[in-house]
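All chains are named by letter (A, B, ...) in the order of the sequence lines, taking the proteins before the strands, and each is independently numbered beginning at 1.
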There are 2 protein chains.
Amino acid sequence: MGNLSRFVEPVLLLLLKQKGRSYGYDLAGELPQHALTDAEIERAALYRTLRQLEENGNVASEWETDQGGPARRVYRLTPQGEAHLEEWATVLDHVSKSMAQFVVKARAAGSARSARRKPR
Amino acid sequence: MGNLSRFVEPVLLLLLKQKGRSYGYDLAGELPQHALTDAEIERAALYRTLRQLEENGNVASEWETDQGGPARRVYRLTPQGEAHLEEWATVLDHVSKSMAQFVVKARAAGSARSARRKPR
DNA sequence: TAACCTAGGTGCGAGTTACACCTAGGTGGT
DNA sequence: ACCACCTAGGTGTAACTCGCACCTAGGTTA
């Protein structure tokens, strides 16, 4: 099937909303549970998406060094980010319904060529 | 929001199933009614996707020159193409449900910050 | 000391997309 | 005759994105 969009951005926004604050490596572990498709999300894509979200003002970050181990860049949603998540929800609600409709149509009876055989 | 996948391929497969046979320019006119997102689908993407579907054996084409005007490359679904559409339906059914769940979660009450504080 | 886990990245070739542009048959207006 | 416009099917290419490989660095366990 190939190129299904992974919707990394909205999933990250949602995770940050739910968790309040988190960092890349931690988010990577929780992505599979919340992903919209079962395609794996690359760590590279994850980190770059977080960066881009910060550039656009949807999240803010700070370094956390007092938990031991390598430093963590801890992110949180900004108010703008919450609004952006809400926009995503609107869009995905619409797409979700379109897809459900698509599935119904795709499974509807016969093609135009072999129009309604197969009663019962 | 930017890069929402357009799902050109499954929509073309569905249109061809419904119409029996059709050609690029005609399909282009009907895409907006069946598209999964409201993002416009490029003509270039349309023609290239049809080509790729043919390369993979999901559609077959022949030239039609007896209708006046420029020649049309008329496509129809192959049996393999119908199976492929069914695969898409399965995948999109799943994605649709995941998205609906996402929307519910995204709109659920408050963020973790304002609800209860996390320990650790 | 080595192996392994956590943590956050970068480099880059391959693949994809968006926009502009091209060819060509046919019709209607002046 | 000439032009504008519609139908029809493309191609060229610069910019962008993605996937894979790879790198740095702190800390723990055997």
Is it the case that one hydrophobic cluster holds both B:Leu85 and B:Leu31, taking links as side-chain heavy atoms less than 4.5 Å apart, direct or via other members? yes
Nearest heavy atom decides the nucleotide; on that basis, is A:Gly68 or A:Glu40 closer to the 5' end of DNA chain D?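 The answer here is A:Glu40.
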Within the structure provided, determine whether A:Asp93 and B:Arg107 are in side-chain contact (heavy-atom separation under 4.5 Å). yes
Is the shortest side-chain heavy-atom distance between B:Phe102 and A:Pro10 below 4.5 Å? yes
Could you state the interatomic distance from [atom1] ([X]) to [atom2] ([Y]), rounded to the nearest 0.5 Å?
X	Y	atom1	atom2	value
A:Lys17	A:Leu15	NZ	CG	12.5 Å
A:Leu13	A:Glu86	CG	CD	11.5 Å
A:Asn58	A:Leu77	CG	CG	8.0 Å

For residues 34-43 of chain B, please give each side-chain donor-acceptor pair under 3.5 Å, one per line with the distance, not counting sequence neighbours.
unit_1, atom_1, unit_2, atom_2, d
B:His34, ND1, B:Glu30, O, 3.3
B:His34, NE2, B:Gln18, OE1, 3.3
B:Thr37, OG1, B:Ala39, N, 3.3

Sequence-distant partners of A:Ala71, side-chain contact (heavy atoms from CB on, under 4.5 Å), two or more places apart: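 For A:Ala71 the side-chain contact (heavy atoms from CB on, under 4.5 Å) partners, ignoring immediate neighbours, are A:Trp63, A:Thr65.
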Rounded to the nearest angstrom, tell me the gap between atom [atom1] in [X] and atom [atom2] in [N].
X	N	atom1	atom2	answer
B:Phe7	C:dT16	CZ	C1'	15 Å
A:Glu42	C:dC12	CD	C1'	14 Å
A:Asp66	C:dA7	CG	P	13 Å
A:Gln67	D:dG27	CD	C1'	14 Å
B:Glu62	D:dG9	CD	C1'	16 Å
B:Glu64	C:dG26	CD	P	14 Å

Going by number, which of residues 43-54 of chain B have a non-hydrogen atom under 4.0 Å from DNA chain D?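 Close to the strand are B:Arg43, B:Ala44, B:Tyr47, B:Arg48, B:Arg51.
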Side-chain donor-acceptor pair present, B:Glu54, B:Ser61, cut-off under 3.5 Å: yes
Only residue of A:Arg72, A:Arg76, A:Arg73 satisfying salt bridge (Lys or Arg N to Asp or Glu O under 4.0 Å) with A:Glu64 is A:Arg72
Applying side-chain hydrogen bond (donor to acceptor under 3.5 Å, both in side chains), name anything that partners B:Gln101, two or more places apart in sequence or on another chain.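 If we apply the side-chain hydrogen bond (donor to acceptor under 3.5 Å, both in side chains) test to B:Gln101, skipping adjacent residues, there are no hits.
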If you restrict it to nitrogen or oxygen atoms, what contacts under 3.5 Å exist between nucleotides 5-7 of chain D and the protein, and what is each distance?
unit_1, atom_1, unit_2, atom_2, d
D:dT7, OP2, B:Tyr25, OH, 2.9
D:dT7, O5', B:Tyr25, OH, 3.4

Report, one pair per line, the protein and nucleotides 28-30 of chain D atoms (nitrogen or oxygen only) whose separation is under 3.5 Å.
none

Should A:Arg6 be listed as having a side-chain N or O under 4.0 Å from OP1 or OP2 of D:dG19?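 Yes, because at least one side-chain N or O of A:Arg6 sits under 4.0 Å from OP1 or OP2 of D:dG19.
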